[in-house]
Amino acid sequence: MDKWLILDRDGVINYDSDQFIKSPEEWRPLPGSLEAIAALNTAGYRIVVISNQSGLARGLFDLDTLEAIHQKLHSQLAKHGGQIEQIYFCPHGPDDHCTCRKPLPGLFSRFAEDFEVSLEHVYAVGDSVRDLQAALCAGACSALVRTGKGEKSEQSLLVLPENNPLRSIPIYNDLASFADHILSRGTA
Ligand SMILES: [Mg+2]
Ligand SMILES: [Zn+2]
């Protein structure tokens with residue numbers, strides 16, 4: 001059976017920006033993230049990305065530019081021997097009432113259908129609380145990284161009631177430390 005991982009993009013694979021990632025030039029990988037993906041691939045993990053890209057709805061960049069950004073991701077990752085199977089993105093804004101913008105789980109369901117994957121044991125790694133909420137809602141497992149918005153997210157999890165399921169998710173410094181952990185233990 002294939003092992004799968006779902007990654008958020010901004011703040012997990014690459015540096016995030018409050019001004020959005022609007023061009024290939026602005027897309028810069030976080031230290032160790034591409035190596036981590038390649039190491040996970042080598043250990044048999046297949047990886048998809050699920051990402052909110054409301055910059056499209058906001059008119060900050062167009063689909064061709066997003067495609068160029070993702071070409072840069074794919075080609076830089078390939079230099080490390082890594083591969084991402086598919087990048088799912090929500091092009092909508094917060095007021096569009098779509099079902100694919102995290103914290104809603106629409107893209108998780110689409111991935112599960114496309115690749116006939118049961119999400120039960122699949123980890124989704126994110127830096128925002130809404131990544132974790134979407135994973136929870138979709139029936140996947142989740143892990144938080146402290147890169148990107150992760151430190152802020154960690155603080156906001158700490159004030160949740162103790163019985164909130166988001167309180168018990170594992171937290172890692174970055175994708176590289178998540179990968180080290182999962183590759184040495186077999187689970188997060
Ligand atoms: Mg993010
Ligand atoms: Zn959407």
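Start at 1 and go down the list; that is how both ligands and their atoms are numbered. Hydrogens, waters and symmetry mates are skipped; everything else that's a heavy atom, side chains included, is used. Please read these numbers as outputs of a predicted model, since none were measured by experiment.
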Report task. Considering only NZ, NE, NH1 and NH2 on the basic side and carboxylate oxygens on the acidic side, decide whether R146 and E151 come within less than 4.0 Å. Result ->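 A salt bridge is absent here (no side-chain N lies under 4.0 Å from a carboxylate O).
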Query - Sole candidate of Y123, Y45, F115 that passes ring-ring contact (aromatic ring centres under 6.0 Å, His included) when paired with W4 - result: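 Only one option passes, and that is F115.
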Query raised in the report: Which residue pairs pass the side-chain hydrogen bond (donor to acceptor under 3.5 Å, both in side chains) test when at least one of the two sits in residues 131-143, sequence neighbours left out?
Result: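 Every pair satisfying side-chain hydrogen bond (donor to acceptor under 3.5 Å, both in side chains) with a residue in residues 131-143: K102-D131.
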Query - D8, N/O/S atom nearest the Mg ion (ligand 1) - result: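 Per the distance ranking, D8 contributes OD2 as its closest N/O/S atom to the Mg ion (ligand 1).
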**Report entry** Angular separation of C100 SG and H92 ND1 about the Zn ion (ligand 2), given to 10°
**Finding:**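 The two atoms subtend 100° at the Zn ion (ligand 2).
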**Report entry** Angle, O of D10 through the Mg ion (ligand 1) to OD1 of D127 - 10° precision
**Finding:**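 Centred on the Mg ion (ligand 1), the OD1/O angle is 100° (to 10°).
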Query raised in the report: So, T65 and D62: side-chain donor and acceptor under 3.5 Å apart, yes or no?
Result: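 T65 vs D62: donor-acceptor pair found between side chains.
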